[in-house]
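Written out below as structure tokens is the structure these notes cover.
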Amino acid sequence: MQEKYVPADVEAAAQAYWRETRAFEVRPDPSRPKYYCLSMFPYPSGKLHMGHVRNYTIGDVLARWHRMRGYNVLQPMGWDAFGLPAENAAIQNRVPPARWTYDNIAYMKKQLQSLGFAIDWSRELATCRPDYYKWNQWLFLRMLERGIAYKKTQIVNWDPVDQTVLANEQVIDGRGWRTGALVEKREIPGYYLAITKYAEELLAELEKLPGWPERVKLMQANWIGKSQGVRFAFPYTLSGKEEKLWVYTTRADTIMGITFVAVAAEHPLAAFAASRDARIAAFVEECKRGKVCEADLATMEKKGVPTGIFVRHPLTQEPIEVWVANYVLMGYGEGAVMAVPAHDERDFAFAQKHGLPIKQVIQVPGKTFSPEAWQDWYADKENGVCINSGKYDGLSHREAVEAIAADLAALGLGEKTTQYRLRDWGISRQRYWGCPIPIIHCPSCGDVPVPDEQLPVVLPEDCVPDGTGNPLLLREDFLRCDCPRCGASARRETDTMDTFVDSSWYYARYAVEAATREKNERMVDEGTAYWMPVDQYIGGIEHAILHLLYSRFWSKVMRDLGLVAYDEPFANLLTQGMVLNHIFSRRSSKGGIEYFAPDEVAIERDPDGRIVGARLLRDGAPVEYGGIGTMSKSKKNGVDPQALIEKYGADTARFFIIFASPPEQTLEWSDTGVEGAFRFLRRLWAFAHQLRTTQPSGESSGLRREIHRLLAQANHDLAKTQLNTVASACMKMLNALEKAPQDAHAREGFSILLRLLSPICPHITHVLWRALDYGEDILAAPWPEADAQALVQDEIELVLQINGKLRGSLRISAQATREEIEAAALACEPARKYLEGRAVKKIVIVPNRLINLVV
RNA sequence: GCCCGGAUGGUGAAAUCGGUAGACACUAGGGACUUAAAAUCCCUUGGCCCUCUGGCCGUGCGGGUUCGAGUCCCGCUCCGGGCACCA
């Protein structure tokens, strides 16, 4: 073995060995437990960034650890290859998205390989390949047959200059990113997937996922947003006709406090009012400005106009005016709400602004109501009782809801219902670089599904979008086709699918057998049945809701079609914290935003070290500081790990990112400390070199006890995926080995250290394992377990507290009884000093830890 | 605005069930080795006080529970993630 640690040589040797032995290509094997370890596949944006390195290193540590513990481990990799950035790149460089994407994949694959991940590359897939997206189309057609996929109108962001639909991300301060034009809302048709049909199951089965973080389950539950309430109608007469205005509320107990009704701008009643009143029409028009996004709607100033239309209170017959308000969402409930200003904060703000009456109908004992200012107790469901509500006075929230629902039902004007916040999933995108929706538009037959035998509908790969709309609209060779039903000439649908469709089932596809992939006559197979569900899924917390919920939904649809047997795709989930970096930007002349990498700017700080501004190094002019945020290509704040790998090697990069912080925690990027990781590996190498050439002498149980103590701790930490302290344990082991005399236990200790470290730093440990003749392949070595015998101690140290304050410590036999400990504590020097003869009232003993004397 | 997290030295962090706060590292300072540099090794490194033994304070802020709180409870502040067309 070489005297000096040269990472490039070590890593080349280890990687060559894995390649030659096909170390990570796996097949189903019923004789061993399986472990499907999956990291979220990357979008091929160009280069890896530190978030990827973190994600895949965490996954690789878990994969290698399980493999050494005897599991049959599958760890695949692929590419989430459709998406907007490829079109942006095309606009900028006039390169077809396909070429840009494939080039990026090739480069990023090399980067991943240089990091030495234990990936079965024979299963690699890219979602932009027809052999993959064929099955998106096939499953979409099955959903269409079952009424799970359907067509309706959707509201999109419209750029009136480019005549194109914009993503929320492309709308900056209400304007199109390229044109600077004011964005409008526009209604267009699109396909939806009825995820709401699965709302109840998606919610209920969260409880069957003990391996998921509580916070993710909580976020999903809130997103699904199940509520029990009452759907009821306000009758009204319009142009001589009896009509009903339906609303939904969870606070039927406040029904006697209604002082107005508010409808969304898109509500039919608003449209009717607008048709006869220019002021209302202008307001409805105003509501169309701005982008389609909940955050924008929620932070908007609450505005509204009265319609002059009155409905009747269903219980009192009192006339109630209908308002059009911008805070009512058409997509939730009925697009209309009863307004009870006294007990709903938004209604309160709206009523105050427009001088509408505020009528208190709930009282919490001991509180005083004032219409002047909102107080949180006004919305209290737990402690309130009805007042000013006639026969309902004195009833609690629950009692009043029951009574009022019953009365409304008796009148035929309402019923108790369950409502979900979750909306159906709109999958149509008016974009080129995505999976074509397999529909043909026939002038006589209408929308006709593409027959299965014509799948896949292949996307032409040579288009170059220019930002002015979907280039497929110009491709006659793609557009023209024959109607499968009547044979007449027809046109293909040009909308493509949301990229979340691609990522909703890729994990099941990785698992199929090679033969199935080659023939491509089945979406999934027995390989899927063997490997699924994923035993450990690892990915960013930013996917806590959408991607994970869509994947759960898609799995359930596949199950109901008899394709798979599992209910849930991911048994255990590790949500990796984001890797953050500073964001710098500047307005472009057109009103768009241009981002700059942190190394392109000079940062200015105030005396407290806070960043107050920055200047672009190129031109010296100021740029705006946008705080810190997740590393992304679009914000140009990603850090390419390449330089790190080239300078220190993959093992150092891997060790450093694992050591830097626990996996679930957000990490503000800084490479301070990389040197320390590298120094550790160099010391490891030097120690191995020296261990090879020295004869052991003497016997010291101290070292063995220390190594096994650290091992027990590290195994405990591994089980809860707290990997940073496993890295620390490795450092502590090396410190202990270096300090101890080279006794008979040094070789055992070092073999434990190598195995414990190998999932994190697989290259150096592979090479040292062989160099020290521990065996042929460290991957085949058994995972080390702590020897309980080695941990036994005769004497322990107890902390002495007096009134909870640390006052000293005492050494005592590990077998000492409670009485012996108490006697020893009372007799020791610090106790006598601090007690000063005062009587001890109480003695608290925490076994093996401390004794606290309370006086 | 709504939902979900986070905050511990100059820095990344540790503290397993409410029980010794700051393990392990980084940075900085001092020293050894060296012609020199690199590398390596040793020492110091939360703040304040003290001649020493040692003492007091300290886990974002303000309260509370407890023999004992970084950890539990209540109320805030700031930062991050998500909000359905970024992925």
Side-chain angles (χ1 to χ4, degrees), chain A residues 40 42-43 45 80 82-85 88 154 156-157 165-171 213-216 218-219 221-223 225 291-300 327 331 345-346 422-431 498-500 503 540-547 549-550 575 577-578 580 609 627-630 632-634 656 659-662 664-668 670 672-677 679-680 682-683 686 713 716-717 720 722 724-725 727-732 735 797-806 808-809 841-844 846 849-855:
Chain A
M40 290 180 186
Y43 177 78
S45 57
D80 189 11
F82 276 136
L84 200 54
N88 294 345
Q154 52 179 349
V156 295
N157 305 308
V165 176
L166 297 179
N168 282 333
E169 194 189 51
Q170 297 173 316
V171 182
E214 284 306 319
R215 62 167 159 158
V216 174
L218 193 57
M219 279 191 265
N222 289 339
W223 184 263
K291 71 173 170 178
V292 187
C293 138
E294 198 189 295
D296 277 22
L297 289 172
T299 49
M300 249 171 0
Y327 69 94
E345 194 169 358
R346 284 176 316 175
L422 183 67
R423 304 200 297 260
D424 278 345
W425 175 13
I427 59 157
S428 290
R429 297 290 179 272
Q430 297 67 45
R431 264 191 263 297
D498 180 5
T499 57
F500 275 123
S503 55
I541 183 69
E542 76 275 22
H543 294 294
I545 297 175
L546 293 178
H547 161 61
L549 195 65
Y550 291 147
T575 45
M578 305 277 75
L580 310 181
I628 51 174
T630 130
S632 75
K633 176 152 180 112
S634 62
F656 175 65
F659 180 67
S661 163
E664 308 218 78
Q665 193 165 306
T666 300
L667 176 62
E668 241 178 90
S670 155
T672 330
V674 173
E675 285 283 348
R679 272 203 283 270
F680 164 66
R682 212 154 41 193
R683 269 170 53 211
Q713 178 65 58
H716 180 269
D717 291 348
K720 37 172 209 173
Q722 186 175 295
N724 56 325
T725 48
S728 307
C730 292
M731 287 180 147
K732 289 177 186 174
N735 289 347
E797 188 173 20
L798 274 191
V799 163
L800 174 72
Q801 290 186 344
I802 290 162
N803 282 342
K805 271 195 183 295
L806 174 68
S809 65
K841 279 194 288 198
K842 186 176 170 187
I843 298 176
V844 180
V846 181
R849 283 211 176 254
L850 64 73
I851 175 161
N852 184 15
L853 309 175
V854 184
V855 297

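Lettering follows sequence order; numbering is per chain, from 1. FYI, side chains are in, hydrogens and waters are out, and symmetry mates aren't considered; it's all heavy atoms of this structure. Keep in mind that what you see is a predicted model, and the values were worked out from it rather than measured.
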Please report, rounded to the nearest Å, how far the P atom of B:U20 is from the CZ atom of A:Arg849. 6 Å

By the 4.0 Å heavy-atom rule, please label A:Leu422 as base, sugar-phosphate, or nothing. base

Search all heavy atoms of A:Lys291 against all heavy atoms of A:Asn168 and return the closest pair with its distance. NZ-O, 3.3 Å

Interatomic distance, A:Met578 CE vs B:C4 C1' [rounded to whole Å]: 14 Å

Output the rounded distance in Å from CG (A:Leu850) to C1' (B:G68). 8 Å

B:C86 P sits how many Å from A:Gln170 CD, rounded? 8 Å

Of B:C85, B:C86, B:A14, the nucleotide closest to the side chain of A:Gln665 is B:A14

Find the distance A:His543:NE2 to B:C83:P and express it as a whole number of Å. 10 Å

Among B:C86, B:C83, B:C67, which nucleotide has an atom closest to any side-chain atom of A:Leu84? B:C86

Rounded to whole Å, how long is the line connecting atom NZ of A:Lys841 with atom P of B:G68? 11 Å

Assign A:Gly577 to base, sugar-phosphate, or nothing according to its heavy-atom contacts below 4.0 angstrom with the strands shown. nothing

For a quick check, with a 4.0 angstrom heavy-atom cut-off, what is the B/S/- contact string for nucleotides 21-31 of chain B, read 5' to 3'? --BBSSS----

Does A:Asn852 get its side chain close enough to the base of B:C67, under 3.5 Å, for a donor-acceptor pair? yes

Whole-Å gap separating C1' (B:G19) and CD (A:Glu797): 14 Å

Checking all strands, does A:Gln713 fall into the base, sugar-phosphate, or nothing category for heavy-atom contacts under 4.0 angstrom? base

Output the rounded distance in Å from CE (A:Met40) to P (B:A87). 15 Å

Of the listed nucleotides B:C86, B:C4, B:C79, the one nearest the side chain of A:Glu169: B:C86

Report the residues that fulfil ring-ring contact (aromatic ring centres under 6.0 Å, His included) with A:Trp425, sequence neighbours left out, ordered by chain and then residue number. A:Tyr550

Hey, is B:C57 sitting syn or anti, using the within-90° cutoff around 0? anti

Runs of at least three consecutive Watson-Crick or G-U pairs, both distances under 3.5 Å, are what I'm after; which ones involve RNA chain B? B:1-7 with B:77-83, B:10-12 with B:24-26, B:28-32 with B:40-44, B:46-49 with B:54-57, B:60-64 with B:72-76

Under 4.0 Å, heavy atoms only, any strand: does A:Leu546 hit a base, just the sugar-phosphate, or nothing? base

For nucleotides B:G46 and B:C72, find the distance between their P atoms and express it as a whole number of Å. 27 Å

From the set B:C57, B:G80, B:C85, return the single nucleotide nearest to any side-chain atom of A:Lys805. B:C57

